[in-house]
Amino acid sequence: MELFYHPLSRYSQKVLIALYEKQANFYPRITDLRDPLARKAFQQFYPSGKLPLLKTQEGQLLPESSIIIEYLDTHFQNGTELLPAEAERNLAVRLFDRLIDFDINNPLFQLEKLKYTPEGHEFEIKQLEKQMFAQFQRLDSHLRQNHWVCGDSFTLADCALIPCLSYSFAHLNLLDLDELVRYWQQAQLRGAWMLVLEEVLLVEMEENTGIRSIP
Ligand SMILES: N[C@@H](CCC(=O)N[C@@H](CS)C(=O)NCC(=O)O)C(=O)O
């Protein structure tokens with residue numbers, strides 16, 4: 001399998017967590033869409049031009065992080081079961097995955113974009129921050145009854161949430177949400193996330209210093 005992704009893209013990080021949880025081997029195809037030539041080449045290969053994209057062993061091209069994870073979970077028996085077999089739990093996991101993508105991850109993109117050029121956007125930023133804080137409050141009370149997002153075991157919904165938390169804790173005032181803080185602390189000790197974070201920090205260091213380490 002080949003994964004086209006970028007270490008700093010949250011939807012890519014979501015799939016990377018799943019690959020590490022499943023202990024699945026893949027060829028990393030780092031694709032930087034900020035580079036016009038790389039973007040053009042990738043769009044020729046896959047016209048919708050979005051990351052992440054999985055090329056399966058059969059050569060099928062699979063977009064959409066949740067679909068890729070569903071594919072991994074059905075094709076790899078090793079490691080964590082990311083989508084529970086039991087129908088009711090399966091539905092809950094898929095629901096939380098959707099809610100996290102739509103109500104947390106996508107608004108975070110908007111917030112990042114607005115904060116990049118905040119002049120004239122102060123009101124929009126405040127509104128968005130308020131809306132996101134309310135989402136995190138709801139999540140915090142849900143986590144009172146749940147060790148991971150959906151019960152005792154780590155699932156697709158955790159793959160979706162964890163990549164959103166670094167930016168959220170850095171830019172929203174979430175430290176009073178005890179259960180969310182507890183969740184974020186335990187997530188940072190999860191091996192799969194540690195592996196993802198290692199790559200993120202390396203890329204951030206390369207971008208900040210201009211020094212590219214020898215692979
Ligand atoms: N729903 C998609 C979202 C993917 C997405 O928005 N990817 C971003 C990077 S995190 C992207 O490729 N943006 C490039 C663009 O839209 O041109 C998924 O879950 O994979």
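We count ligands from 1, going down the list as the structure has it; atoms in each ligand are counted the same way.
Of all protein heavy atoms, the one lying nearest to atom 3 (C) of ligand 1 is Y11 CD1, 3.7 Å. The protein atom (non-hydrogen) at minimum distance from atom 8 (C) of ligand 1 is L51 O, 3.8 Å. The single protein non-hydrogen atom nearest to atom 16 (O) of ligand 1 is K50 CE, 3.4 Å, given as residue, atom name and distance. In this structure, atom 1 (N) of ligand 1 lies nearest to the protein heavy atom E64 OE1, 2.8 Å. Atom 20 (O) of ligand 1 has its closest protein heavy atom at S65 N, 2.9 Å. Of the protein's heavy atoms, S9 OG, 3.2 Å lies nearest to atom 10 (S) of ligand 1.
Under 4.0 Å is where a charged nitrogen must lie from a carboxylate oxygen, and between R89 and E81 no such pair does.
Here is the list of ligand 1 atoms found below 4.0 Å of a heavy atom in R39: 17 (O). Less than 4.0 angstrom separates some heavy atom of L33 from each of these atoms of ligand 1: 12 (O), 14 (C). Near F109, meaning under 4.0 Å from one of its heavy atoms, ligand 1 places the atoms 10 (S). Counting the atoms of ligand 1 from 1 in the order shown, those under 4.0 Å from a heavy atom of P52 are 20 (O).
S66 and R98 are linked by a side-chain donor-acceptor pair at a separation below 3.5 angstrom, with hydrogens and angles left out of the test. A donor-acceptor pair shorter than 3.5 Å cannot be found between the side chains of Y167 and N105. Inspection of the Q186 and R182 side chains reveals an N or O donor paired with an N or O acceptor under 3.5 Å. With hydrogens and angles left out, the side-chain atoms of Y183 and N146 include no donor and acceptor closer than 3.5 Å.
Inter-residue side-chain proximity for S166 and W184 is flagged as met; some heavy-atom pair is nearer than 4.5 Å. The side-chain heavy atoms of D101 and K14, taken from C-beta on, include a pair separated by under 4.5 Å.
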